[in-house]
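Data block below; observations after.
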Number of protein chains: 2
Amino acid sequence: MRPEDLPEIRHLHLFRDMSQANFETLMSSSYAQNFPPGLDMVRQGDPSDFLHIVLEGAVELYAKWADRECTMAVVRPVSTFILAACIRDAPYLMSARTLERTRIVLVPASDLRAMFRRDTEFSVAIINELAAGYRSVVRSAKSLKLRTSRERVASFLLTQSMLAGGTSSYTLPVEKRLLASYLGMTPENLSRTLRLLEADGVKVDGARVIITDRAKLTALAKPDKLIDASETAIDQTGSSLPRALE
Amino acid sequence: MRPEDLPEIRHLHLFRDMSQANFETLMSSSYAQNFPPGLDMVRQGDPSDFLHIVLEGAVELYAKWADRECTMAVVRPVSTFILAACIRDAPYLMSARTLERTRIVLVPASDLRAMFRRDTEFSVAIINELAAGYRSVVRSAKSLKLRTSRERVASFLLTQSMLAGGTSSYTLPVEKRLLASYLGMTPENLSRTLRLLEADGVKVDGARVIITDRAKLTALAKPDKLIDASETAIDQTGSSLPRALE
DNA sequence: GTTTTTACTTGATTAATATCAACCCAAAGG
DNA sequence: CCTTTGGGTTGATATTAATCAAGTAAAAAC
């Protein structure tokens with residue numbers, strides 16, 4: 001692991017409050033690894049040996065069943081994934097593949113499990129992280145069950161605009177192919193939906209999104225703080241990275 | 001609270017391992033309450049003041065958006081709900097209403113939050129509970145995104161048969177109206193689907209389910225341990241209550 | 001015991017979404 | 001440079017699911 005990796009990791013809510021000694025112990029058994037784009041790092045069903053920390057690049061979490069697959073999330077730096085599986089020492093529920101060249105730190109799950117019994121601050125951080133993740137998935141399930149695909153697209157575009165600082169113009173954080181799968185629809189259907197949404201106050205040209213009539217789009221998307229808000233606590237610095245598709 | 005309530009609660013994984021003194025402290029500030037059927041106990045968006053423990057009856061967790069609503073879960077004794085909201089001191093993401101006459105114990109969320117910082121065993125239990133809940137919702141989201149409604153119905157019927165001990169005949173644990181909403185479909189569509197599934201090895205007459213051709217039904221449902229299995233650890237006594245629609 | 005309510009079902013229709021096929025275009029690779 | 005690849009779009013069609021509208025049966029209320 002590179003020395004400059006450590007402060008990045010230490011800055012995460014998950015590791016911020018634990019003792020320095022314990023943090024160093026945990027990191028001493030961890031190691032960084034670089035992956036090329038398009039590589040499968042984790043296969044669903046495999047035993048959860050490592051907590052993954054994304055330092056650079058981007059990782060797609062996806063699920064398979066029968067001969068179908070769908071994108072569940074895209075993880076960007078700096079954040080962790082598959083914490084719950086590691087905690088429970090249970091098989092991964094999702095697979096993970098790199099979208100770009102990606103730098104990952106692997107923390108042995110066994111060390112993680114041993115550590116949270118010894119460091120109260122760490123266990124509190126884990127509790128908060130899991131509760132936040134839990135609630136995030138509940139939000140996502142609510143969106144899937146209560147909204148039509150058109151409404152999901154509209155609220156996604158609106159939410160992204162907020163994450164980008166409320167600007168009415170921004171670029172999509174991921175390929176449309178991925179976005180479609182994340183939103184639970186086919187690429188064709190997303191393409192058509194985006195076209196139709198031009199009548200509802202938003203225009204998407206390539207990866208460029210321009211909100212032309214925020215009121216109209218809001219009326220359609222009906223943003224709801226119990227669905228669309230983020231669970232991640234805002235950074236004191238105010239620099240909460242807009243974690244795309246979390 | 002009745003004295004016979006305490007051992008029931010103490011038996012839950014969440015409270016099993018904490019110190020007796022701490023358990024008593026937590027319970028001393030809690031109180032039981034009885035609710036008639038059809039009563040809204042929790043409204044989504046409200047501040048999370050209490051962890052709820054269901055001792056008798058049944059509670060529906062549901063979500064609303066725009067003018068639509070859907071069932072997210074049905075909680076039966078003895079178990080808790082809305083732990084994550086209490087932990088994060090955040091608004092409830094779901095509403096809760098009683099389905100029958102229901103006996104509930106309310107544990108003040110502030111006491112809960114104070115306690116897990118002082119009792120390591122309790123914090124470990126919370127971590128496990130949250131991780132399990134997290135993974136449960138991920139499973140549910142996978143099912144929604146990867147399966148058609150027909151496949152969801154088929155796997156639900158098969159999973160319930162397993163929970164009932166592998167028997168080929170059992171009764172539905174909830175009204176079809178609720179089941180439909182839980183599975184993300186309309187009652188009409190569920191009714192039709194059940195009728196059509198008679199050709200695939202299962203017959204549903206009223207609340208009675210009879211699996212007539214398990215192989216055929218399995219071929220359709222394609223049960224997957226990364227979607228359909230339960231996250232709750234099996235009780236040592238082997239008496240893990242089949243928590244319906246968890 | 002009768003009325004009322006509510007879950008459930010069935011049929012007809014409409015709306016939403018997926019699938020199939022063709023094509024465009026830009027980026028990557030040779 | 002040309003070729004190949006893969007994302008994206010568009011159109012036609014098929015499938016799936018929701019909606020609308022009756023109607024039944026059983027339970028709850030009076």
Side-chain angles (χ1 to χ4, degrees), chain A residues 36-38 58 60 62 65-71 74 97-101 143-154 171-200 203-209 220, chain B residues 36-39 58 60 62 65-71 74 97-101 143-154 156 171-200 203-209 220:
Chain A
E60 177 195 5
Y62 66 100
W65 179 79
D67 58 346
R68 294 164 222 168
E69 78 174 52
C70 73
T71 303
V74 172
R97 69 163 75 95
T98 53
L99 293 174
E100 317 163 359
R101 188 188 161 284
S143 187
L144 281 172
K145 292 184 78 170
L146 289 168
R147 286 173 169 158
T148 66
S149 62
R150 178 149 152 274
E151 290 160 344
R152 290 199 296 278
V153 173
T171 60
L172 289 176
V174 292
E175 290 176 348
K176 287 180 187 166
R177 178 182 60 90
L178 276 180
L179 179 57
S181 181
Y182 173 72
L183 293 173
M185 56 202 296
T186 59
E188 296 96 322
N189 194 20
L190 173 61
S191 189
R192 271 185 266 271
T193 301
L194 288 178
R195 176 54 69 100
L196 290 173
L197 283 180
E198 288 179 14
D200 297 285
K203 185 151 174 18
V204 179
D205 183 39
R208 190 95 214 133
V209 181
L220 173 64
Chain B
L39 191 114
E60 176 195 5
Y62 66 101
W65 179 80
D67 59 344
R68 295 163 222 169
E69 78 173 54
C70 72
T71 303
V74 172
R97 70 165 73 96
T98 53
L99 293 174
E100 318 163 359
R101 188 188 161 284
S143 188
L144 280 172
K145 293 184 78 170
L146 290 167
R147 286 172 169 158
T148 66
S149 62
R150 178 149 153 274
E151 289 160 345
R152 291 200 295 278
V153 173
F156 175 84
T171 61
L172 288 176
V174 291
E175 290 176 347
K176 287 179 186 166
R177 177 183 60 91
L178 277 180
L179 179 57
S181 180
Y182 173 71
L183 293 173
M185 55 202 297
T186 59
E188 295 97 321
N189 194 18
L190 173 61
S191 190
R192 271 184 266 271
T193 301
L194 288 177
R195 176 55 68 102
L196 289 174
L197 282 180
E198 287 179 14
D200 296 286
K203 186 155 175 12
V204 179
D205 184 38
R208 191 95 214 132
V209 180
L220 173 63

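Everything quoted here is computed from the prediction, not taken from an experiment.
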Starting from the C-alpha separation in whole Å, work towards a yes-or-no answer on side chain to side chain contact (heavy atoms under 4.5 Å, CB included) for K176(A) and L194(A). CA-CA 10 Å; K176(A) 287 180 187 166; L194(A) 288 178; 4.1 Å; yes
Pairs: protein N or O with nucleotides 25-30 of chain C N or O, under 3.5 Å:
none

Given atom [atom1] of [X] and atom [atom2] of [N], what is their separation to the nearest angstrom?
{"X": "E188(B)", "N": "dT14(C)", "atom1": "CD", "atom2": "P", "value": "17 Å"}
{"X": "K176(B)", "N": "dT9(C)", "atom1": "NZ", "atom2": "C1'", "value": "9 Å"}
{"X": "L172(B)", "N": "dA7(C)", "atom1": "CG", "atom2": "P", "value": "16 Å"}

Please list all pairs meeting salt bridge (Lys or Arg N to Asp or Glu O under 4.0 Å) that have one or both residues in residues 178-188 of chain B, counting only residues at least two apart or in different chains. none
Can you find a pair of side-chain heavy atoms, one from [X] and one from [Y], that are under 4.5 Å apart?
{"X": "Y62(A)", "Y": "L178(A)", "value": "no"}
{"X": "V74(A)", "Y": "Y182(A)", "value": "no"}
{"X": "K145(B)", "Y": "T71(A)", "value": "no"}

Distances for protein N/O vs nucleotides 16-18 of chain C N/O pairs under 3.5 angstrom?
unit_1  : atom_1 : unit_2  : atom_2 : d
dT17(C) : OP1    : S149(A) : N      : 3.1
dT17(C) : OP1    : S149(A) : OG     : 3.4
dT17(C) : OP2    : S149(A) : OG     : 2.9
dA18(C) : OP2    : T186(A) : N      : 3.4
dA18(C) : OP2    : N189(A) : ND2    : 3.0

Over all atoms of both residues, closest heavy-atom pair of [X] and [Y]:
{"X": "T98(A)", "Y": "P36(A)", "answer": "OG1-O, 2.6 Å"}
{"X": "P37(A)", "Y": "L99(A)", "answer": "CB-O, 4.0 Å"}
{"X": "R152(B)", "Y": "R147(B)", "answer": "NH1-O, 2.8 Å"}
{"X": "C70(B)", "Y": "S181(B)", "answer": "CA-OG, 3.2 Å"}

Rounded to 10°, the helix from dG1(C)-dC30(D) to dG30(C)-dC1(D) deviates from straight, judged by its five-pair end axes, by 50°
R68(B): partners by side chain to side chain contact (heavy atoms under 4.5 Å, CB included), with sequence neighbours left out: L146(A), T148(A), E151(A), W65(B)
side-chain contact (heavy atoms from CB on, under 4.5 Å) test vs V153(B) passes for just one of D200(B), L183(B), L196(B), V204(B), namely L183(B)
Take R177(A) and L190(A) through the side chain to side chain contact (heavy atoms under 4.5 Å, CB included) test and state the conclusion after the steps. CA-CA 9 Å; R177(A) 178 182 60 90; L190(A) 173 61; over 6 Å; no
In this structure, CD of E60(B) is separated from CD of E175(B) (nearest 0.5 Å) by 9.5 Å
Going 5' to 3' along DNA chain D, which are the first and last nucleotides with any atom under 4.0 Å from a heavy atom of chain B? dA17(D) to dC20(D)
Consider the side chain of R195(B), meaning its heavy atoms from C-beta on, and name the nucleotide among dA21(C), dC8(C), dT10(C) that approaches it most closely. dT10(C)
